[in-house]
Amino acid sequence: MHRYERLDGEGVTLALTIAPRGAPRLLYWGPALAPTADLVAWDALHAPSWREAQPDAPVSPNIFPVHGFGWMGPAALSGCAQGGDGAVDWGACSVRRILDAQHGDALAITLRDPRLGLRAELEWHLDADSGVLACTSEIHNDGSVPFALANLAALSLPLPRWAEEILAFAGDWALEGHPQRFRAPIGSWAQINRTGRTGFSGASMAVLEAGAGDEQGRVLALHLAWSGSHRLGVESSSDGGRIAQLEALLEPGEILLAPGECHRTPFAYACFSDAGLNGVMARFHPFVRRAILPRASSGPRRVHANSWEGVYFDFDLEKLKALADGAAALGAERFVLDDGWFCGRRNDQAGLGDWRADGERFPQGLDPLIAHVAGLGMDFGLWVEPEMVNENSDLYRAHPDWCVHAPGAARPGMRQQLWLDLARADVRDHLFAQLDALLGTHEIAYLKWDCNRTVFPAVSAKKPAGQAIARGGYQLMDRLRARHPRVEIEACASGGARLDLEILKRAARVWGSDATDAQERARILRWASLIVPLEAIGAHIGPSPNPITGRQLPMQFRAAIALFGHMGIELDPAKLSAQEQETARAMIALYKSQRALLHSGRLYHGFSEDGAQLAMVVAEDGGRALALALRLEASREAICAPLRLLGLDACCDYSVDLLAPWPAHAAKRLAQPDLWRAPRIFSGASLMQGGLPLPLNAPHTAWLIGLQRR
Ligand code: DGJ
């Protein structure tokens, strides 16, 4: 006798079949079913059919598959009992509804193997308001001998047949967010990250039906909320079965569960959309805003001025004051002093670990600078990299064994630094005391928390410890946040290598990339925003020529891209021409007038037939919108295809305003510039069907379009 459980959330239903033995099967995940939907009949219709060369009892994918009794696909759990085996055989499954005040509908699923003494506890929450699924698995050793855990998936999701394509992301330093889309091979595909950080390739992926795009088609988007090594995988078998799996990576011997012990995975998040990738954002963004981002970050996102690309390590107090003066004059609201302020730090080879102001650079400490910044009406932020130590530091000289290392083996550096062993409570206590003193004695509103190397070898106390090191980082951050709840944290890891939803439970935003080149940043923002809303992705106006790519871009274009993230500036304002300063000032003012909309509305991405791009935020009530019409590569057609807007109310009229400052070179090609000196009225239907014929031929053109419903 089978039982059925369903979870319902905004426009979607997820149904599970619970067989007398074994883990539940995913019966349905798609558009909402009627409360009366006959799951029994649906299940009977989809019962696995018999075929040659398979176990006598058909084995179909379930949500927690294990090896040993006929399942040949990937296992959600594998390992071995000491002196025994690892053939897990789940008995009866029990499912309880749990009250989840935050999210709504949730199921607690318990599986037991009495022979091995294993108990798995899975939680599946379907957020009522957004339809986002949150899953975690926990394995308990209820037996009498240790169990060596080899893998434990946070989510194993049997995929529907339409999910034929994979969208994943490749990245490297300053090269984040390169989409890769391909047909799922028969066999297995996996993105495996062994860096001990979320990584430049991120922790998000999607499976899609062929032809699905921004606006149309079915998609399942998946994300692992974990700032460490991990695996995102899809395995397809030749019988058409396909399963996606998300898990934090375990090293051999890392988790040895003694009797009575348990191990829990990070959360995996997923959603179904039948409105393409824009539908994914429509589910994830409200969810992340409400259920993930820390409360402290809910106010208006201040315009940052970050010192890094303005001065790098080359500064003294006077230079910083001048930088702050210039930034304030452009409209910055927060001054963030980046790397280089602490003991002995003149380059990236010394000082990490000694979180006290450098006596030569700041003879009277940080306070004179902080006071100067406050006098300009800005608050103050400071860069730290707490998990790291340079060999050339007082901390390392005092505690050479506090770094992650394998005793007796080499200690390979990266950026001349070593990772501190945050699995150790004494190391965490020391770092907490240093950072607590810093925050307790200065008016610091913000910490940019960087992390510029990967973990190798991930060893603590002579044992593999990737999990414990990553969790130690969370613990340190949590303790600091509890003590200083008003201090906002930005998560940065050589740019965008820590973009995940577990760090975003603690950090107000992530630094999207070290690529401040607006052309690169446009791509990075576009794909980071598949899961994360714009306000939580830092984007700054950088110098031109750009220090990384050498590309020269107009200020208006650079600023328009930064405006579609959490905007900041990261350059020396004194090096800007008067015209550039005026443009930057105007664009920053524009950001301030639009941020309430940008950071609460619904984001859409789109394309014109000839490759111009659209990013557009529409207010929840549809009354206002801001569109960014963008061209990165020159059009091959002399007259551009009109750019169709998205998300408007087809039945209403909108007043449409080409917001100044206009892109200078493109503005010369406006057919009727005078027409646009004041807002024009057009119907939502014509803007979405006919589109706006703006001059968008040349590369690096950006128009900002304000819309107001009439
Ligand atoms: C890497 C970050 O991504 C940069 O923004 C900057 O903070 C440097 N580290 C400083 O070392």
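Atoms within each ligand, like the ligands themselves, are counted from 1 in listed order.
In this structure the side chain of F380 reaches within 4.5 angstrom of the side chain of L369, judged on heavy atoms. No side-chain heavy atom of R631 sits under 4.5 Å from any side-chain heavy atom of Q613. Taking the side chain as every heavy atom from C-beta outward, N452 and M388 never approach each other to under 4.5 Å.
Atoms of ligand 1 found under 4.0 Å from any heavy atom of C492 (numbered from 1 in listed order, with element): 2 (C), 3 (O). Taking a cut-off of under 4.0 Å to the non-hydrogen atoms of W511, the atoms of ligand 1 that pass are 3 (O), 5 (O). For ligand 1, the atoms sitting less than 4.0 Å from at least one non-hydrogen atom of G495 are 3 (O), numbered in the order shown with element in parentheses. When each atom of ligand 1 is checked for a heavy atom of D339 under 4.0 Å away, the hits are 10 (C), 11 (O). The atoms of ligand 1 that sit less than 4.0 Å from any heavy atom of W383 are 7 (O), 10 (C), 11 (O).
Using bins of under 30°, 30° to 60° and over 60° for the plane-to-plane angle, the ring pair W355/F342 lands in the tilted bin.
If you look at R415 next to ligand 1, the close heavy atoms, those under 4.0 Å, all belong to the side chain. Contact annotation: for N452 versus ligand 1, heavy atoms closer than 4.0 Å belong to the side chain alone. The proximity of A493 to ligand 1, defined as any non-hydrogen pair under 4.0 Å, does not occur for either the backbone or the side chain.
D514 OD1, 2.4 Å is the protein heavy atom nearest to atom 3 (O) of ligand 1. Distance from atom 1 (C) of ligand 1 to its nearest protein heavy atom, with residue and atom name: D450 OD2, 3.1 Å. D338 OD1, 3.3 Å is the protein heavy atom nearest to atom 6 (C) of ligand 1.
For K448 and E490, the salt-bridge test fails: no basic side-chain N is under 4.0 Å from an acidic carboxylate O. No salt bridge links R424 with D429; every basic N to acidic carboxylate O contact stays at or beyond 4.0 Å.
Aromatic ring centres of W173 and F200: separated by at least 6.0 Å.
Separation of atoms CD (Q416) and CD (Q349) is listed at 4.0 Å; rounding is to 0.5 Å. In this structure, the separation between CD1 on I489 and CG on L480 is 6.0 Å, given to the nearest 0.5 Å.
In this structure, K448 is part of the shell of residues with a heavy atom less than 4.0 angstrom from ligand 1.
Distances from atom 8 (C) of ligand 1 to the heavy atoms of W308, W173, F313 put W308 nearest.
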